[in-house]
Amino acid sequence: MATSKVDGTSNGSVKSKDEEGTTPSIFEIDDSDLTRLLEKPRPLNTERKRSFDERSFSEMSITMSPRNNFYRTSEHSSRAFDNLDGVYSPGRWTGTPRSACFEPHPIVGEAWEALRRSIVNFRGQPVGTIAALDNSSEELNYDQVFVRDFVPSALAFLMNGEPEIVKNFLLKTVFLQSREKKVDNFKLGEGVMPASFKVLHNPVRNTETILADYGESAIGRVAPVDSGFWWIILLRAYTKSTGDTSLAERPEMQRGIRLIMTLCLSEGFDTFPTLLCADGCCMIDRRMGVYGYPIEIQALFFMALRCALSLLKRDSEGNDCIDRIVKRLHALSFHMRSYFWLDIKQLNDIYRYKTEEYSHTAVNKFNVIPDSLPDWVFDFMPTRGGYFIGNVSPAKMDFRWFCLGNCVAILSSLATPEQSSAIMDLIESRWQELVGEMPLKICYPAMESHEWRIVTGCDPKNTSWSYHNGGSWPVLLWLLTAACIKAGRPQIAKRATELAESRLLMDGWPEYYDGKMGRYIGKQARKNQTWSIAGYLVAKMMLEDPSHLGMIALEEDKQMKPQMKRSASC
Ligand code: GLC
């Protein structure tokens with residue numbers, strides 16, 4: 001197999017469009033209406049990163065809520081904002097403190113070292129990070145580079161001024177996308193990205209090859225629908241962070257984006273703009289009742305569509321794709337904001353729904369039977385707050401809370417600013433349930449007894465309050481932190497980060513925790529789980545320097561303003 005030649009564009013040689021004085025690139029089309037966030041732009045003391053830091057800096061947006069203005073009122077304000085002038089630069093972390101004024105938590109250094117140990121090289125180039133470096137339990141596929149797992153690692157490297165590994169990863173995976181993929185005799189779609197890959201060394205011939213898994217080896221043969229979406233999101237993060245538009249502009253990258261778009265925008269029998277999926281198609285990669293229209297996929301789909309829009313070239317091939325994206329985004333945002341959104345008013349409306357309504361005048365459009373409402377949701381729903389529920393399809397509403405989907409909804413601005421605030425209100429008022437002693441619950445609540453048997457197929461790994469079934473996943477901390485900063489509520493993330501910090505290193509960076517409060521290291525949790533390590537680092541770096549948010553958040557598109565009925569949480 002050919003090694004993708006990495007063109008060696010270093011930090012130093014990356015030039016922004018301004019420096020080069022070229023015509024506006026595709027990069028500029030991105031969320032142009034981002035409002036100014038930071039009151040005092042800080043001079044940067046790292047010359048080599050000047051262009052991209054300034055870019056992220058001015059283009060990001062955080063809505064500072066007057067109620068919870070952490071950066072102005074808390075004791076930590078000096079760290080985040082007051083000392084901006086010349087003190088902090090997200091320069092490369094090599095194990096020693098970056099500046100005299102910056103005192104990282106003692107575990108930050110350990111985390112960086114652990115993250116570096118997880119790096120996987122291919123023919124001398126770093127191309128990703130291994131899922132877990134745990135020799136004490138069976139490897140299974142934890143010795144692979146997972147696309148979704150690499151995202152927090154990639155963000156950590158980008159935030160630390162080390163984009164090379166991210167660039168190599170993006171090139172390697174787009175190459176893997178172009179391979180022919182088969183499960184038994186069935187040929188998969190061209191745009192499918194692998195769930196994971198591993199580097200095989202042949203000591204006799206002294207060669208290295210890459211073996212990718214597109215679902216054909218995965219437990220349950222699950223389809224990695226999220227991989228392609230994360231790939232696009234990461235390509236935008238790389239572009240945004242480095243200012244290097246040349247990677248995204250390469251023909252193979254443009255083709256990669258278009259192929260993913262072709263897969264998810266293809267016409268079918270669907271009556272909804274959401275994406276229909278099989279169970280186990282995302283981070284929850286086992287049977288867990290997340291088939292149909294799971295929130296995680298819908299939120300990632302929305303975000304990937306928006307990122308693709310900002311990355312695609314306006315050329316003959318791109319234009320058709322762009323038109324289709326714009327139309328889909330419009331329909332998708334309306335559908336999600338209207339039908340997936342739940343707050344106390346909406347819950348009460350559903351509770352009183354009439355059924356069997358025919359025609360376009362129906363209020364209960366999906367014919368949800370009020371008797372199917374689970375008891376727990378009435379107690380769980382705070383008077384103030386709301387969230388996007390797990391799934392909506394005919395006669396089915398999955399009321400479970402899923403952390404990743406809700407955080408991505410905030411980051412992508414699928415959630416309106418009011419909805420974002422409502423999600424934050426919910427997290428605050430249901431802290432015990434959603435954060436407990438270890439952030440964060442992957443979903444809430446857990447399924448028990450009969451329901452667990454039916455829905456998971458008696459999965460012994462997904463017993464109540466364990467693993468995907470109500471387990472607590474430290475990796476989700478970075479998503480929570482990014483979402484909190486975007487919603488102007490970073491103090492929530494700070495509180496959660498402190499909780500994680502008190503245990504993660506001591507416990508050996510577990511993959512997940514068990515129990516209603518997340519007090520126990522997961523039954524089958526791997527140790528040295530890379531995304532637990534990277535997720536913590538990303539959360540820390542974003543809290544230290546919120547301008548990092550720009551690479552992973554999208555400002556609201558004014559053209560997608562909701563025509564929604566007023567609701568209690570809004
Ligand atoms: C588990 C998780 C999945 C993750 C993989 C590697 O299968 O469910 O989300 O990508 O482990 O860490």
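Remember, it's 1-based here, ligands and their atoms both numbered in the order they're listed.
- Partners of Arg503 under the side-chain hydrogen bond (donor to acceptor under 3.5 Å, both in side chains) rule, at least two apart in sequence or in another chain, are Asp507.
- Atom CZ of Arg221 sits in a crowded spot, with more than 12 heavy atoms from other residues, nucleotides or ligands closer than 6.0 Å.
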Donor-acceptor pairs under 3.5 angstrom involving side-chain atoms of residues 433-448: please list them, not counting sequence neighbours.
| residue | atom | partner | partner atom | Å |
| --- | --- | --- | --- | --- |
| Lys441 | NZ | Glu433 | O | 2.9 |
| Lys441 | NZ | Lys516 | O | 2.4 |

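- With sequence neighbours left out, the side-chain hydrogen bond (donor to acceptor under 3.5 Å, both in side chains) criterion links His335 to no other residue.
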One pair per line, please: each N/O atom of ligand 1 matched with every protein N/O atom under 3.5 Å away, atom names first, then the distance to 0.1 Å.
| residue | atom | partner | partner atom | Å |
| --- | --- | --- | --- | --- |
| ligand 1 | 7 (O) | Asp285 | OD1 | 3.1 |
| ligand 1 | 7 (O) | Asp285 | OD2 | 2.7 |
| ligand 1 | 7 (O) | Tyr467 | OH | 3.4 |
| ligand 1 | 8 (O) | Met283 | O | 2.9 |
| ligand 1 | 8 (O) | Asp285 | OD1 | 2.8 |
| ligand 1 | 8 (O) | His468 | NE2 | 2.7 |
| ligand 1 | 9 (O) | Met283 | O | 2.7 |
| ligand 1 | 10 (O) | Arg148 | NH1 | 2.9 |
| ligand 1 | 10 (O) | Asp149 | OD1 | 2.6 |
| ligand 1 | 12 (O) | Asp149 | OD2 | 2.5 |
| ligand 1 | 12 (O) | Gln529 | NE2 | 2.9 |

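- For the pair Lys396 and Tyr291, the cation sits on the ring face: its NZ or CZ lies under 6.0 Å from the ring centre, inside 45° of the axis.
- Annotation for Phe272: atom CZ counts as buried by contact number, over 12 foreign heavy atoms lying within 6.0 Å.
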